[in-house]
Protein chains: 2
Amino acid sequence: MVDKRVRQTRIYEKVVDEIKALIASGSLRQGEPVPPERQLMEDLGVSRSSLREAFRVLELLGLIESIPGKGRFVRRGRGEEGGASDPRKLEDGAILELMEARRVLDPAIAAEAARKARSGDLTRLRRVLSATEGSMAVPKDRAQADFDFHLVLTEATQNFVFVNIVKMTFNLIMATHDRIYSLLSDKDAFLHEHQEIYEAILNHDGEGAARSSSRHIERIYRTLQEALALEGP
Amino acid sequence: MVDKRVRQTRIYEKVVDEIKALIASGSLRQGEPVPPERQLMEDLGVSRSSLREAFRVLELLGLIESIPGKGRFVRRGRGEEGGASDPRKLEDGAILELMEARRVLDPAIAAEAARKARSGDLTRLRRVLSATEGSMAVPKDRAQADFDFHLVLTEATQNFVFVNIVKMTFNLIMATHDRIYSLLSDKDAFLHEHQEIYEAILNHDGEGAARSSSRHIERIYRTLQEALALEGP
DNA sequence: AATCCCAATTGGTCGGACCAATTGGGCGGC
DNA sequence: GCCGCCCAATTGGTCCGACCAATTGGGATT
């Protein structure tokens, strides 16, 4: 009998969701302090350890900031200094921050990959491209395809720092902001742009790869910006 | 005199980088189990709590999988299944790779910081600069000063992805290669370049900040290249 | 030989303790 | 009365010890 057991939910995951819900509902507003650990233990009925593991995650997601001796604070969203912004904007802000980082990174990585790629890397890129042509219907598959392509691309740079960074950012995207790929529905554009990047790399054209990659991420960025603006209250 | 330390690195962050280094160096291979918590506590000399917070992060980054009752395992990356994963030692090559990543990142971060910095960020930058003027004698202090400056600079971008990236890459430097800073002895150049970046940010001059940052990192890159070449075989 | 059972191992959770940084209020000096 | 210093309370960071649940492997039983 195959073991179908689903992974049990850890307590810290529940806490993460509860805090995220508190932020989304407006109970915790941007810049405001989160109740201290010792009080939350009581309110949520969990131990301090679980609480702290949850906050480690929330920090990494860019939702919470911890300051020893002071407290934890809901991070301020983008730009909007003036008060009363939609609480929902916080997670949206995190998504846009992710994309802004990629606007810088992706073209540079593509250029470096074009310079450094070996034949084995090209083969693997080709394989990823053809493998994902048919499997981009569901948002989850699009996310996976995008991740696969960019990871293989990054590994072609043979720079472990880039690889670490890409793994990290994409995992952040896929772990918690899977909403992104339901907003990005144009699979043909995805495939075509990836193809374009691949061809530039095939020709060892660093500048071309950077340009294609830049167009790719700029389109995604604009699309997300518009989609998130539309969703507003 | 007050301790000028601007920021202390959390223990779990160091653990995260040590584990990442173990994976990158090939000491821990994909699919293989990570040593159990109770043994790692001893090996790394940290408490189980810090260890567990580190693994929460490594899980979120997709590097580790935890299975209760069994153990923790290095997750298989999607790009590199074909075996032959050339695990390189984290040595001189890694230093240069780190610097190549910074050649791309630092100017972009400086430019973004120039656009986004608020008065509080400028104050903190000034404080870091003046605090480190006198404390760059020992290599370890130079490393700390460089880290502090770049971290505060990055936090001025108010982009948590950049902050995460910088924390990780710099911690990687300091954990495994404080040797870098014994090769970089020109403390006046360091200070002057940091000062220059600061002034560009003060004027909200994105392009200027990027140029200064680029000069800074290029000098470091060249210096390291020469130093490592001299040390060579 | 096959099966069952139990003890050891491992991650998950809890509670308590202490440290370091920050903060705010009260006390003392002016 | 005002200013400044100091201390106690608060808060996150770290460590330690304990117990639970799931898994595993080997030995005892059948």
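So that the names make sense, note that chain A is the first sequence line, chain B the second, and so on, each numbered from 1. What you see is a predicted model; the values in this text were computed from it and never measured.
Distance from the side chain of K70(B) is smallest to dT24(D) among dT24(D), dC15(D), dG15(C). Side-chain proximity of R72(A) to dG13(D), dC14(C), dG12(C): nearest is dG13(D).
Spacing between atom CD of E42(A) and atom P of dT11(D) amounts to 13 Å, rounded to whole angstrom units. Atoms CZ (R10(A)) and C1' (dC14(C)) sit 17 Å apart, rounded to a whole Å. In this structure, E37(B) places its CD atom 14 Å from P of dC16(D), rounding to the nearest Å. Summarising the geometry, the separation between CZ on R52(A) and C1' on dC14(C) is reported as 14 Å, rounded to the nearest angstrom. The CD-P distance, from Q39(A) to dT11(D), rounds to 8 Å in whole Å. Regarding I11(B), its CD1 atom lies at a distance of 11 Å from the C1' atom of dC19(C), rounded to whole Å. Residue E13(A) contributes atom CD, which lies 14 Å from atom C1' of dG11(C) at whole-angstrom precision. Atoms CG (L44(B)) and C1' (dC16(D)) sit 17 Å apart, rounded to a whole Å.
The existence of a salt bridge linking E59(B) and R56(B) is confirmed by a sub-4.0 Å separation between a basic side-chain nitrogen and an acidic carboxylate oxygen.
Base engagement by S49(A) is indicated by at least one non-hydrogen atom pair under 4.0 Å involving a base atom.
Enclosure of atom NE2 in H204(B) by more than 12 non-hydrogen atoms of other residues, nucleotides or ligands within 6.0 angstrom is indicated.
The side chain of S47(A) places an N or O atom within less than 4.0 Å of a non-bridging phosphate oxygen (OP1 or OP2) of dC14(C).
Once rounded to the nearest 0.5 Å, the distance linking CG of L151(A) with CZ of F162(A) reads 14.0 Å.
Contact of R56(A) with dG13(D) (side chain to base): no donor-acceptor pair of N or O atoms is detected under 3.5 Å. For a distance-only test at 3.5 Å, the side chain of R48(B) qualifies as a donor-acceptor partner of the base of dG12(C).
Residues V46(B) and R38(B) both approach DNA chain D. Their nearest nucleotides, taken by heavy-atom distance, put V46(B) toward the 5′ side. Residues M41(A) and G69(B) each lie close to DNA chain C; by heavy-atom proximity, the contact nearer the 5' end of the strand is made by G69(B).
Judged by distance alone, the side chain of E53(A) and the main-chain N or O of Y12(A) form no donor-acceptor pair under 3.5 Å.
For H194(B) and Y198(B), the gap between ring centers reaches or exceeds 6.0 Å.
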